[in-house]
Asks: 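Just dropping this structure here.
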Amino acid sequence: MKSQLEFRANSAHLLLTLTDSEFTMKPAPFDYLTPQTLGEAVALLERFDNEGEDAKIIAGGQSLMPMLAMRIARPKVLIDLRRIAGLDYIREEAGVIAIGAMASKRSAEESDLIRNSQPLFHAATSLVGHRQIRNRGSVGGSFAHSDPASEYPAVALVLDMQMKAVGPGGERLIPADEFFVTYMTTSLEASEILTEVRMPVLPAGTGWAIQEFARRNGDLALAGVALSLRIEGGVCRQVRMAAFGVNPTAVRLPAGEAALEGQAPDAAAFARAAAAAAAALEEPMSCIHAPGEYRRHLVKTLAERCLVEAAGRAR
Ligand SMILES: Cc1cc2nc3c(=O)[nH]c(=O)nc-3n(C[C@H](O)[C@H](O)[C@H](O)COP(=O)(O)OP(=O)(O)OC[C@H]3O[C@@H](n4cnc5c(N)ncnc54)[C@H](O)[C@@H]3O)c2cc1C
């Protein structure tokens, strides 16, 4: 039997043909390089790209290693970022929280700055996998991996985050709504490295919530919702909602946002907004774990619960 897997990562589009005998727990052979500086790492990526060789960054390895082991990815070269100093900071710069790509998710979870100043990102981090995965997995790796079921892309859309990328041409900032392209594909170029993610400090009086449903604790979610809102003059304002696990990448929920904007924060308005958000979802993904219509139902239920929770915080 042959199965076709179409896998996209970091703008590289690989069409892989796997036979049963190739499903294995041993990666295909690869070279392993450990640059000491960011410049060295970018130069390596550029060189291999020019030579038409498939080189991949490895950060925490929590997503890439299983893909190598299953031979879903077969890069010729792995370029490890862990020897590069100074990519694991978490700091505030004039109202913006900047997280170095190699900061672990565990360090983000333990950061008082993130807990106090950006609680939505903090809550999302605590939902990622298990503690062991958060210990090893980097924050930047989750953004670059762009898993449709990952919490971070949805939070990035809600918070209008920006991603800093460094490549042969220098540095650029990419807004969240341009960064996540589709299933495991970002707008990073082949020779670019994600070095930082940036998010605003949450303004006082902003309510937020993130909820997800997974079959087992620590699994990637079947569906989830993240959102924020304010209550001004007795009505909801600045409503931002996003869903994950439902489409090939996280999506804003504009119909839900519009339904709640300017409405009194009560149960009926929350139910209407959640129903509008779910109804407008385009072709929710189906798989053996959950049909698309079940995912739509989850979005409605989770959005309604999130709105109640966020309104409570906003008050
Ligand atoms: C059992 C299990 C449960 C999990 N549950 C969740 C979950 O609930 N939510 C969730 O979001 N994730 C989950 N994950 C994934 C986990 O969060 C990974 O840590 C994360 O997806 C990747 O981070 P990493 O540092 O391990 O990256 P790696 O695995 O090293 O790399 C992942 C990909 O990103 C690229 N990459 C990494 N860093 C960079 C960079 N700085 N610049 C450019 N490209 C880069 C790599 O080339 C690779 O393609 C789970 C993983 C496991 C094994």
Side-chain angles (χ1 to χ4, degrees), residues 7-14 27 30 32-33 35 38 41-42 44-45 48-49 54-70 72-75 77-82 84 86-88 99-109 121 123-156 163-167 171 174 179-180 183-197 210 212-224 226 244-245 249-250:
F7 170 70
R8 292 158 189 255
N10 296 336
S11 312
H13 183 179
L14 313 174
F30 55 82
Y32 174 73
L33 301 177
L38 196 56
V42 169
L44 285 170
L45 280 177
F48 289 116
D49 189 38
D54 183 19
K56 280 196 85 59
I57 294 292
I58 182 161
Q62 296 303 290
S63 293
L64 188 54
M65 285 311 296
M67 285 167 30
L68 294 178
M70 289 186 281
I72 294 170
R74 301 180 194 204
V77 184
L78 283 189
I79 299 171
D80 195 335
L81 297 185
R82 278 174 300 180
I84 301 175
L87 278 181
D88 59 355
I99 305 180
M102 288 302 285
S104 71
K105 286 182 269 276
R106 184 76 180 134
S107 65
E109 195 179 13
F121 191 86
T125 304
S126 306
L127 289 173
V128 175
H130 307 277
R131 180 169 297 195
Q132 292 85 342
I133 288 155
R134 297 195 293 273
N135 270 336
R136 300 286 301 186
S138 65
V139 168
S142 290
F143 283 80
H145 190 56
S146 185
D147 192 304
S150 174
E151 295 80 1
Y152 281 161
V155 169
M163 294 1 122
K164 191 186 279 184
V166 172
E171 200 174 271
I174 311 169
F179 186 79
F180 304 104
Y183 184 75
M184 291 187 181
T185 304
T186 69
S187 56
L188 286 174
E189 298 294 340
S191 308
E192 279 185 323
I193 295 176
L194 176 66
T195 56
E196 182 181 290
V197 300
I210 178 166
E212 66 181 32
F213 182 79
R215 294 173 79 212
R216 293 171 306 195
N217 184 28
D219 278 4
L220 282 154
L222 291 181
F244 52 100
T249 187

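Note that the structure is predicted; figures quoted are calculated from it, not measured. Order of appearance sets the numbers: ligands from 1, and atoms from 1 within every ligand.
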Asks: Quick one: closest heavy-atom pair of N135 and S104, and the distance?
Replies: O-CB, 3.5 Å

Asks: With no hydrogens and no angle check, is any side-chain donor or acceptor of K105 less than 3.5 Å from a backbone partner on V139?
Replies: no

Asks: Purely on distance, is any nitrogen or oxygen of K56 under 3.5 Å from one on ligand 1?
Replies: yes

Asks: Does a sphere of radius 6.0 Å around CZ in R136 hold more than 12 heavy atoms from other residues, nucleotides or ligands, not counting ones at 6.0 Å or beyond?
Replies: no

Asks: Would you say the side-chain atoms of S146 pair up with the backbone N or O of A144, donor to acceptor, closer than 3.5 Å?
Replies: no

Asks: Pick, from G140, A144, A59, A124, the option with the minimum heavy-atom distance to atom 34 (O) of ligand 1.
Replies: A144

Asks: Can you find a non-hydrogen atom of K105 under 4.0 Å from ligand 1?
Replies: yes

Asks: Would L127 count as a contact of ligand 1 if the rule is a heavy atom under 4.0 Å away?
Replies: yes

Asks: Report yes if some N/O of S63 lies less than 3.5 Å from some N/O of ligand 1; otherwise report no.
Replies: yes

Asks: Any non-hydrogen atom of I133 lying under 4.0 Å from ligand 1?
Replies: yes

Asks: Considering both backbone and side-chain atoms of E151, is one of its nitrogen or oxygen atoms within less than 3.5 Å of a nitrogen or oxygen in ligand 1?
Replies: yes

Asks: With respect to I57, determine whether any N or O atom, backbone or side chain, lies less than 3.5 Å from an N or O atom of ligand 1.
Replies: yes

Asks: Contact between ligand 1 and G218 is defined here as a heavy atom of the residue under 4.0 Å from a ligand atom; is it met?
Replies: yes

Asks: If you measure from each heavy atom of L87 to ligand 1, is any distance below 4.0 Å?
Replies: no

